[in-house]
Amino acid sequence: RWRKRAQALGIDINAKKPNLIVSSGFQVVWEKFCVYWDVELRELPMKSLEELYLDPKAAVAACDEYTIGIVPIMGITYTGTFDDIVALDKAVEEYNKTAKISVPIHVDAASGGLYLPFVNPELVWDFRLKNVISISTSGHKFGLVYPGLGWVMWRDKQYLPEELLFKVAYLGAFEPTFQINFSRPGSQIWAQYYNFVRWGREGYKAVHEKSRDVGLFLTKGLEKLEIFKILNSGENIPIVCWMLKADEKRAWTEYDLADRLRYYGWQLPAYPLPKNLEDVSIMRVVVRADQSMEQISLLLKDMKDSIDYLNEHVTVKKDVQKTEDTVVGYSHNEKRYKK
Ligand SMILES: *Cc1c(COP(=O)(O)O)cnc(C)c1O
């Protein structure tokens with residue numbers, strides 16, 4: 001759409017790559033999209049631990065005639081925090097008043113899209129905002145079906161260009177197809193359809209509210225341990241994340257705790273935050289429908305035992321220093337730092 005509109009406005013579409021604006025909290029799909037489609041990813045760093053979201057003013061300041069869209073996130077993968085899309089919509093509205101070419105908003109609601117309408121329908125982040133043109137969400141997250149299913153919705157038919165809909169006649173009817181691959185299984189769609197029909201709005205609400213309660217129960221338990229700073233309590237979406245409070249005497253890290261929890265059979269990740277905040281490591285639990293209070297109680301008990309163990313046995317602080325070769329990612333702490 002951008003290319004067609006830009007051409008009509010006399011913008012030289014070959015002078016620069018088109019660009020897409022997103023916060024550094026983006027999920028890897030956006031990096032893939034930009035590489036595959038030859039789009040410049042304009043990544044805006046999240047400012048601080050207190051501001052783990054896209055700055056609407058900075059987002060608009062980064063726009064130019066080559067901007068194909070801004071992507072706020074409802075449920076940032078790292079932390080579960082939300083971008084302020086009401087504020088972003090306002091900023092975009094102002095920008096578009098004088099812009100040569102208007103900028104649309106696409107909401108990455110992978111986690112929030114099939115959660116918020118059931119649990120917090122009053123929260124405004126969607127097509128109720130004028131500049132939100134498209135929304136994507138994962139059926140396999142809070143849509144409660146198995147992996148591989150995602151959805152994208154456009155505000156209106158005009159926003160999905162006709163040229164991207166291919167019509168084939170050889171299946172016995174004119175069949176419009178819009179996707180990269182041609183054949184794909186229908187089973188996932190049936191699963192989603194079945195769940196919607198079987199549980200309905202009330203059912204989804206009940207399932208998600210239970211997940212929220214389990215998440216809040218986890219947060220409470222973590223607070224009782226007194227050594228963690230909670231970054232997301234799970235009140236907004238059942239993604240609970242936390243980090244260790246600073247303590248000069250403690251000789252172990254979140255990575256050591258993750259390791260020790262494996263001894264009990266838990267795979268609970270520790271990982272660094274993205275650009276600007278990569279020195280901060282956090283731990284995260286995404287609560288899903290099949291997690292129970294009982295399971296969380298066991299986790300908390302094992303966590304307490306792990307902490308006691310680490311306090312007793314890990315007493316010498318490793319002298320770690322970040323270097324050029326520091327591996328940032330979901331890596332083991334041994335590899336994360338070079339002595
Ligand atoms: C999971 C996730 C994605 C990727 O969605 P898939 O359905 O797994 O392909 C994109 N963005 C965010 C914010 C996510 O959490």
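Residues: numbered from 1 along the sequence shown. All values derive from a computational prediction rather than experimental measurement. Counting starts at 1 for both ligands and their atoms, following the listed order.
Under the 6.0 Å cut-off for aromatic ring centres, His208 and Phe142 qualify, their centroids lying closer than that.
Checked for salt-bridge contact, Arg260 and Asp302 miss the test: no charged N lies under 4.0 Å from a carboxylate O.
For the pair Gly113 and Trp125, the tightest heavy-atom approach, listed with the atom from each and the gap, is CA-CH2, 3.9 Å.
Which parts of ligand 1 touch Gly75 is read off a 4.0 Å heavy-atom cut-off, strictly below it: atoms 13 (C). For ligand 1 and Thr77, the ligand atoms under 4.0 Å from any heavy atom of the residue are 12 (C), 13 (C), 14 (C), 15 (O). In summary, the atoms of ligand 1 found under 4.0 Å from a heavy atom of Asp108, numbered by their order in the structure, are 10 (C), 11 (N), 12 (C), 13 (C). Of all the atoms in ligand 1, the ones that sit under 4.0 Å from a non-hydrogen atom of Ile73 are 13 (C). Taking a cut-off of under 4.0 Å to the non-hydrogen atoms of Ser138, the atoms of ligand 1 that pass are 5 (O), 6 (P), 7 (O).
When the heavy atoms of Lys32, Gln27, Met74 are ranked by distance to atom 3 (C) of ligand 1, first place goes to Gln27.
More than 12 heavy atoms of other residues, nucleotides or ligands sit less than 6.0 Å from atom NZ of Lys245.
Given atom 8 (O) of ligand 1, the protein heavy atom at minimum distance is His140 NE2, 2.9 Å. Looking at atom 9 (O) of ligand 1, its nearest protein heavy atom turns out to be Val29 CG1, 4.3 Å.
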Please tabulate, for side-chain N and O atoms in residues 194-201, each donor-acceptor pair with protein atoms closer than 3.5 Å (sequence neighbours left out).
unit_1: Asn195; atom_1: ND2; unit_2: Leu144; atom_2: O; d: 3.0
unit_1: Arg201; atom_1: NH1; unit_2: Pro117; atom_2: O; d: 3.2

Residues 214-231, side-chain donor-acceptor partners within the protein, below 3.5 Å, at least two apart:
unit_1: Thr219; atom_1: OG1; unit_2: Gly215; atom_2: O; d: 3.2
unit_1: Thr219; atom_1: OG1; unit_2: Ser233; atom_2: O; d: 2.6

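Using a non-hydrogen distance threshold of 4.0 Å, Ala110 registers as a contact of ligand 1. Using a 4.0 Å cutoff on heavy atoms, Lys141 counts as a contact of ligand 1.
In this structure a side-chain-to-backbone donor-acceptor pair under 3.5 Å is present from Asp256 to Thr253.
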